[in-house]
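Heads up, the thing below is written out as structure tokens.
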Amino acid sequence: MKLHTVILTTSLVIGGMGLTYAQENAKHEDTEFYTPVPKVVTPGKLSGEAPSDAIILFNGKNLSQWVMADDRSVPAKWKVADGILTVDKKTGNIETKQSFNNYQLHLEWRIPANISGEGQLRGNSGLFLASIGKGDLGYELQILDSYNNKTYTNGMAGSIYKQTTPLFNAAKQPGEWQTYDVMWTAPTFNADSTVKTPARVTVLFNGVLVQNNFELKGPTQYVGQPGYRQAHGASPVKLQAHGDKSEPVSFRNIWIREL
Ligand code: MG
């Protein structure tokens with residue numbers, strides 16, 4: 001893995017966050033915001049049925065489209081039962097075999113009804129819109145229980161983690177299925193690896209617009225300021241096995257349309 005870093009170190013962050021960037025002298029609090037708190041919106045009923053030209057990434061039967069993110073030669077090891085995919089935290093993140101540039105993606109996720117923990121340690125997973133390396137390297141759309149669960153607003157469900165707060169809080173109760181519909185425009189890079197056009201994302205959370213063509217500052221940065229430090233092309237989509245001790249998140253009905 002090539003990292004174009006000057007002032008950066010790559011480190012293993014405690015708490016199972018996995019491999020990510022960390023900046024010297026930076027503090028967590030520098031990039032965690034608590035106000036304003038997004039207004040609560042109760043979602044309506046939705047159908048997430050795949051259109052005719054979608055690539056089905058998970059159809060409830062198997063993980064044939066997925067591999068372990070930290071060793072792409074290994075088939076994805078998470079649990080599939082009763083049409084549902086559930087994170088296996090012991091195994092690590094999984095990502096798609098196929099790589100994508102710009103796309104429309106649909107994904108359904110569920111926080112367990114018996115969820116425990118609080119803040120970032122309560123049903124934490126994530127959809128990495130482009131996986132650009134092992135661990136948590138990539139651009140994370142946060143998955144978390146955000147129904148009556150306080151945390152920094154740019155770390156709640158519907159946030160681009162540590163970059164931007166969702167416009168609204170459209171979270172459903174633990175135990176209910178929730179949807180993400182994502183329109184992703186991948187970043188482009190110049191020949192010298194500097195960013196040419198930043199990534200952009202629009203996100204519907206349970207049918208409610210929570211990110212409106214947001215321009216990303218770079219890949220997710222756990223500590224410190226994000227920036228485009230690594231040129232990349234088409235990339236897999238990745239799901240996070242977060243190392244917290246709360247009950248694991250489940251998924252169903254995942255499809256993608258290349259644009
Ligand atoms: Mg996460």
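All ligand and atom numbering here is 1-based and tracks the order in the structure. The figures here come from the full heavy-atom set of this structure, side chains too, leaving out hydrogens, waters and symmetry mates. Being a predicted model, the structure only gives us computed values, none of them experimental.
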Original post:
Please state the angle at the Mg ion (ligand 1) spanned by O of S125 and OE1 of Q240: what is it, rounded to 10 degrees?
Top reply: 80°
Please tabulate, one pair per line, all N/O donor-acceptor pairs under 3.5 Å involving side-chain atoms of residues 60-68, not counting sequence neighbours.
unit_1, atom_1, unit_2, atom_2, d
N62, OD1, S64, N, 3.0
N62, OD1, S64, OG, 2.8
W66, NE1, L57, O, 2.6

Original post:
Any N/O/S atom of Q142 sitting less than 2.8 Å from the Mg ion (ligand 1), backbone or side chain?
Top reply: yes
Original post:
Is there a salt bridge (charged side-chain N to carboxylate O under 4.0 Å, His left out) between D244 and K89 once you walk through the steps?
Top reply: CA-CA 9 Å; D244 73 73; K89 298 190 189 196; 3.2 Å; yes
Subject >> Reference residue K162; test side chain to side chain donor-acceptor pair (under 3.5 Å); the match among Q221, E32, E140 >> reply: E32
Subject >> F189 CZ to K196 NZ distance, which is reported to the nearest 0.5 Å >> reply: 12.0 Å
**OP:** Looking only at N, O or S atoms, find the one in E140 nearest to the Mg ion (ligand 1) and name it.
**Re:** OE2
